[in-house]
Every structure is written in structure tokens, then in C-alpha cells.
Amino acid sequence: MEDLAREGLTGHYLGGGEITCCTLVKDDLFIAVKSHLMVYSTRNAALLHVQKLGSSEVTGLSPSPTNSQQLLVTSRDGILSVWDMTDWTLMRKLTVGSSVSDLLVSRSNQHLFLVTRNSESGNVVTTIQKHCAATLEHKSDSLIIKKPCDNFRISSCGNFILFTRDTRVRVVNTCTCATFTRFTHDTDLCSVALHPTRNLAAVADVNGRICLLNDWNVKGCVEATVQHWHANQVGGMGFAPRSEVLFSGGAESVLVKWLDGQPQFLPRIGGGIQHVLCPESGDIVVLVTEDTALHIVSLNTWSVKFKLCNILKRSRKTQGKTRVTTDIACSKSDVLFSSTPGYLQVYDVEKREHKRVVDITNQNQSTGHVRNKTLSYIDITHFKLSDDGEWLVTVERRDDGFVTPENRLKFWRKQDTEYTMKTCVDPPHSKITTSLSLGITTEPTAVTTSTDCSVKVWGCGDDEDSWTQRQVLKHRHGPAYTSLISGDGSVVVVAYKGLVVLYGTASWDVKAEVPQSVGRLDQIFLSGYYLLTSSRDLISVWNLTSLSLCWEVSANISYILALPDKTFLAFVSRKSVTDAFLFGVKSAAPLAVHKFVCPGVVEGACLTEREDGREMIVMLNSEHELYTLSHIVPPPLATSDREHQDTATIFTQLLKISAPPAALPELKHNSTATLASSVLNVSSNALPPVSAICANVLSDFLPPKVVHGN
């Protein structure tokens, strides 16, 4: 008996919360999302490590100046901790006693500085504490500033600290604790960058102006050189390590390169730029945007080399009447799933690295003049990938509640490694497109359903690159909610309100109707000659040879994944985790159970195959995290403890069914469900097509069917 191992592929995958801080350690990018740390390679955007650093929000990250293998971490609860980056063990920690907002470390100085904030009599008091980097011992008296300050930066030598207070740039001598004002501006300052090797500083204001300060650590006021292009507040800035080139970005989603006061632009980044980081190699710039996307820009080609992006919780919510997709599809080791609004991303689960991003809408870009307005993105509501990965079909929609909603159906063909759009239907239906299915009949075929009471069939000839409408199907039961094309292409199954209808693809006539106890179904599957239907809290299995109900089970179901050999996985959510139940089509008793397959709610799953031929299940949860179930225990991605651990699992091989478990928690059998008295034990290939079985069933007393076709 061989258990399946669970793997968290991408941790939070730059999602699940706001980015609190980030830093570069050699060629690796360290990003803190609340209390979690993600380490990414800037060379290929691959996720290297995930680590939980504590229970509070991380506010500072920096390699230790005394040991390059150690990481210094500060958090909002006033903890300074030291981690060994070779095995990610916690070496020691110090309780500061106040909330730490910034960690300042200089590589050429043996000290570190903690910026804390306290509230006294309603006023915010900022304190700079000096500690020994090796022992964490508190050194000398703290510098107290009785006003709120921001944008703390430390010089490369560690002898000066620069910060902003409203419109002023202040400097602290860390040796004497003397402070002085270096520059006074006419507008509030919002962003600061220091050159890593030269006495050059850049400060930016809320109106988009950038002021360059030479010899910023010399006492006395100085005149600044002003550069202005940004129309809004500058989000992030960074200097190239070997020159005086400055990079800046803001709400315009444009990276600006400043050389001798002249700007050069890289537009359409995709989101407002919050952080700009320049590695020591000097050939790339790393951007982190407000939609929690990571962009690696090549300075040699002045283009985005890699983009790693994700959906935040707020962008996954329904906008107006638009339902954002949670689809996931696999082609060999590539997994395709949703990204920031309007994008799909491709992830290699075998190599565990991000590969590319597909811009579906090519419109979700915002400029500075609309920053304070409410924007309605064009969302991808459905997408399907053909089994061979050649065709990608997408449905997109924009509905701001004021103008007529936009609906588009797009067909993409893979050319080399990229997808190129071949056909765009605008609009495919007069109302919301509720589902999309893709398969093979006599040709590549797609089926779309809509609340306008129509089901449309789209086809593409073998020697064609374009898709055209082949049929329009309608039914007296009105709106259609989901559809499916059978594996042999002989039947198209459509779920209407309270009814499932089977159409034969040879003549597009109705072969059978299966009434349902629920009005709207979420998923339908064909497994051999059984029809599986599921709604939010009910699974039903029907025998298509007799059109009789075999069994039903009630549970809190989030997703159903059909597997080979007439089995399927039902993902059942309980509290904050999800369990997987393995069912066969012949019985309501689960064949096996895997408790806690992932945290959160599984919203999508697909079955793919590893290079060694073994199956792997890839799951996408409500936090937009990827997890896998496979027969091989992967190398550990994260060494941190999780809240729930369940090593006693009875979930076995996908195709070799084990005995049912003794206890089945969280499942309630429907006592009124009728069970089939007998089942077919003949192999699938010995039976005629599904359409032939259903052709004459109930033909005597079913009312006449009216099929409309183009």
C-alpha cells in the first residue's frame, strides 16, 4: 500500500496578504507576507523556500553583517530574531519591548539599529535603538524623536541614518546621536533611496517629483536637483550599484530609468509599483507591484524577463455580476491557472518554477489620472485547455454596473511556447456566459452556455485556424449553467435549471433527460456510463443505461475531480482545511479518505502525469496556493510547522482501490437515496457509445424535443 504525499508547491505564491517588506540577499529576493517569508531566485523567478517566521507581521529583513548565512528578522510584536539560512533554524531572539517598524543594517558596521514606535499621551514617539549585530546586546542610549517619522535608510558605512518627517529630510549621526536637517521641501515626502556606494540620495514627494541630494550626510542645508515625470506619488526607487542611474515607479505602472536627468520608460508593468530593488549583478531590476506581482526586468533588453503574479483576495471577489474563474488545467507538467485580473499564468510542477504569463485581455492597465477612481477590471470568467495543450479557450467579461457589459470568447493556439489568439467572438451570448467546455467530436469543439437560454457549439476544422459557430441549442427549461463533452465525443451534456439533457453530436438531437432535485448544478461528469452531478452540498450518481439514480451523498463539497477507472475525488471543506474523499461510481461508501490535503478550500484541481509516469493531483485553494498529491515525497519546500498535521492517512493509489475506512467523519448519507440493484461489470470498450445507450430510453413518454440549430 503506497500513500500519497502532500506538497505545497508555492507557499502563498505572493498572495494571501499584503507584502510587508522585501530585500535582496545576493541574487535572491526575500519577501515577507505578514508572518511568512518567501525566497525567490531573481534568475528564473523560482520559489526557493517558504518559512513561517513567527506569529506577528514581519517588518524588517536583512542578512547579518557578521555572518552572511544568518538572517535578521524584526516583527510588529517587538521581536528581533536570528535565523540560520542553511537549515532555517531559529538561533536566538530578543524581545525589544516595543513595536519594531524598521530594521537598519549596514554591511560594513558591526551594529544594527531598530526603529520602534510608541504612543505617549496620544502622540507617536519614534525611538532608534543601537544593538550589537553579533550578540544583539543593546548599546548606548536610544535616540528619541517625539514626532512620527518615516522612510528610514542607513548609509553604507553605517555612520548615518536618513529619514523623512513631513517635508523635511533629517540625518542622524549614529556615533554622536546628533541630528540635523539636510533638506526642506514644499510637499510631503513619501519615498527614499540611497546609493549603495556613493553619497547620493533620492527623495520623492506625493506629487511625483524626485529630488537628488549630493553629499546628503554632510551637515547643512542643500539645494536639490529636481526630476519630474510621475503624475502621482512615487511608490519605489532604487540606484544601480555601479552607476548613478536611478530607477523609479509608481501608480502609472511604468518603470522609469533616469540617466543624467533624462527619463527612459518601460510601460505596461501591470500594477502600481511599490518596491524597486537593484541586485549587485547590475543586469536586472526587481519590481514588486501593488497587486503582489513580482517582475524581473532585464536591463540588457529593457524588457520584463520574468513575471510571477497572483490574485489577491480583493480581486477574486465578484465584481458586479462577474464571477472570476477558479479553473485550473494541466498539460503534461505545465499547470495553467488564473493570475492578476486578465492574466493566466503557467507553472511547471515538475521543476517547481514559474514559466510564463499569458495576457488574455490586453487591457487591464491603469494610468495615474485614474488612480483615485473605482476601476472595474476585465476578468477571465472561464478557460479550458485541450488535452494536447494545442488550444486554449477563454471567456472574459467586464461589468461596472453602468455601461453595457462586455463579453468575449477567445480561441488561442499554441505556437512554440506562446499562445496566439486566432478567433475572438464579441459577444458570444447576449447575457452572462455561465460555462465553457472543450473537447473533440468530429473536430475540435467548444460549448458555451448562458443565462440567455442558449447553448452554442463552436467548431474548428482540421485545416483551419479559426473557430465558427456550428449549432445553437435551446430548451424549455431555460437558462443553462454548465456543460460537458464526453470523452468519445458522441454526447454533449448540458445542465439546465433542474434538468440535465444529453445531446447526440451526430444530429444534435436530445438523447435523454435526467431531472435533478436541485435547481443549479456546479459540475457534471461522465465516468464510463455513469453521470455524476454535484452542487454545493450534494453529490448524485446516475446510471445512464437505465437513467436511474444510483446514490446521493450530502456534504460540504467545494470541488469534484473525475479520475480514471470510474472513480472521483470529492474535496470536502471543514473549518479551515479540506479533506479528500475517494468514491467509486457504484457505491455511496467512500473507498478511501485523505484528511487535510491542504489548508483553505479547494476551488480547482486537475490530474497530470510526472515524467516518471506516475499521476499527480494539483490543487488550487481559496488562498491561491498550489498543492499536490503524488506517490513520491518531494524535497521539503518549507521546514516550518503547520497548524494541522495528519500522518495517519488511508488515501492510497489512485487506480488501486483500498478497503473503505472504519470511520468516515463529516459525511452524511442521504437515507432517501435509491441504490442501483445491479451495475455493469463489462469493460468500457466492450460497450457501444453512450449516445447509443441513451437513444431509446424513455422515448415512449418523454414529450417532443425541439432543437434549434444554425
Side-chain angles (χ1 to χ4, degrees), residues 12-34 36-42 45 47 57-63 71 73-74 101-105 115 150-154 162-164 189-196 201-206 208 210 230 232-241 245-258 266 269-282 284-299 304-310 312 340 366 368 371:
H12 278 70
Y13 207 67
L14 282 179
E18 300 288 346
I19 294 176
T20 54
C21 62
C22 56
T23 189
L24 287 169
V25 180
K26 296 181 179 179
D27 287 334
D28 296 334
L29 175 65
F30 286 54
I31 296 179
V33 177
K34 293 187 176 179
H36 283 79
L37 170 70
M38 275 78 71
V39 183
Y40 290 88
S41 170
T42 60
L47 179 67
E57 179 182 294
V58 175
T59 58
L61 298 167
S62 177
L71 180 69
V73 180
T74 58
S101 62
D102 292 276
L103 170 64
L104 305 175
V105 178
V115 180
D150 298 293
N151 303 307
F152 286 85
R153 301 291 187 272
I154 191 169
L162 180 146
F163 61 92
T164 62
L189 301 171
C190 61
S191 183
V192 170
L194 298 184
H195 197 284
V203 294
D205 64 23
V206 294
I210 299 174
H230 296 279
N232 295 94
Q233 177 175 312
V234 176
M237 297 186 296
F239 281 101
V245 174
L246 175 68
F247 299 93
S248 64
E252 302 87 358
S253 303
V254 176
L255 176 64
V256 184
K257 176 181 178 181
W258 298 92
L266 180 60
I269 296 299
I273 299 173
Q274 289 184 322
H275 302 276
V276 178
L277 302 102
C278 301
E280 294 180 356
S281 60
I284 60 174
V285 173
V286 180
L287 309 177
V288 180
T289 54
E290 62 185 8
D291 54 355
T292 60
L294 168 64
H295 306 255
I296 300 177
V297 178
S298 171
L299 298 183
V304 176
K305 184 178 180 181
F306 294 103
K307 180 179 180 181
L308 187 65
C309 46
N310 174 60
L312 282 175
T340 47
S366 61
R371 185 173 186 269

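Only this structure's heavy atoms are used, side chains among them; waters, hydrogens and symmetry mates stay out. These numbers come from a predicted model, not from an experiment.
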### Message
What verdict does the side-chain contact (heavy atoms from CB on, under 4.5 Å) test give for Val285 and Leu277, after you've listed the backbone C-alpha separation in whole Å, the side-chain angles of each residue and the deciding distance to 0.1 Å?
### Response
CA-CA 6 Å; Val285 173; Leu277 302 102; over 6 Å; no

### Query
Yes or no on side-chain contact (heavy atoms from CB on, under 4.5 Å) for Val73 and Leu61, after CA distance, side-chain angles and deciding distance?
CA-CA 5 Å; Val73 180; Leu61 298 167; 3.9 Å; yes

### Task
Look only at the side chain of Gln233 and the backbone of Ala251, and say whether a donor-acceptor pair between them is shorter than 3.5 Å.
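The answer is no, because no donor-acceptor pair under 3.5 Å joins these two groups.
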
#### Entry: Donor-acceptor pair, side chain of Thr23 and main chain of Phe30, under 3.5 angstrom
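No, because the side chain of Thr23 does not come within donor-acceptor range (under 3.5 Å) of the backbone of Phe30.
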
Kindly compute the distance separating [atom1] ([X]) from [atom2] ([Y]), expressed to the nearest 0.5 Å.
X      : Y      : atom1 : atom2 : value
Glu252 : Ile269 : CD    : CD1   : 12.0 Å
Asp102 : Thr74  : CG    : OG1   : 7.5 Å
Arg153 : Ser191 : CZ    : OG    : 6.5 Å
Phe247 : Leu299 : CZ    : CG    : 4.5 Å
Ile31  : Cys21  : CD1   : SG    : 9.5 Å
Asn232 : Cys190 : CG    : SG    : 10.5 Å

Work out which heavy atom in [X] is nearest to a heavy atom in [Y]; give both atom names and the distance.
X      : Y      : value
Leu194 : Ala201 : CD2-CB, 3.5 Å
Glu280 : Pro241 : O-CG, 3.9 Å
Ile296 : Ser41  : CD1-O, 4.0 Å
His195 : Ala240 : NE2-O, 3.3 Å
Ala202 : Ile210 : CB-CG2, 4.2 Å
Ala204 : Val234 : CB-CB, 3.6 Å

Side chains of [X] and [Y], heavy atoms from C-beta outward: is any pair under 4.5 Å?
X      : Y      : value
Val105 : Ile154 : no
Met38  : Val33  : yes
Leu37  : Leu71  : yes
Val276 : Leu287 : yes
Leu104 : Phe163 : no

### Message
Going by side chain to side chain contact (heavy atoms under 4.5 Å, CB included), name the residues that satisfy it together with Ser281, two or more places apart in sequence or in a different chain.
### Response
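Partners of Ser281 by the side chain to side chain contact (heavy atoms under 4.5 Å, CB included) criterion, ordered by chain and then number, come out as Asp27, Arg43, Pro279, Asp283, Ile284.
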
#### Entry: For Lys305, side chain to side chain contact (heavy atoms under 4.5 Å, CB included) partners two or more places apart
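Side chain to side chain contact (heavy atoms under 4.5 Å, CB included) list for Lys305, sorted by chain: Ser298.
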
### Modelled atom types, side-chain donor and acceptor of Thr59 and Ser101, under 3.5 Å
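Judged by distance alone, the side chains do not pair up.
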
### Task
Would you please test Phe239 and Leu246 for side-chain contact (heavy atoms from CB on, under 4.5 Å) and show each step?
CA-CA 5 Å; Phe239 281 101; Leu246 175 68; 3.9 Å; yes

#### Entry: Plane angle bin for His230 and Trp258 - parallel if under 30°, tilted between 30 and 60°, otherwise perpendicular
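Rings of Trp258 and His230: tilted, 30 to 60°.
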
### Task
Carefully, step by step, assess Leu266 and Lys257 under the rule side-chain contact (heavy atoms from CB on, under 4.5 Å).
CA-CA 8 Å; Leu266 180 60; Lys257 176 181 178 181; over 6 Å; no

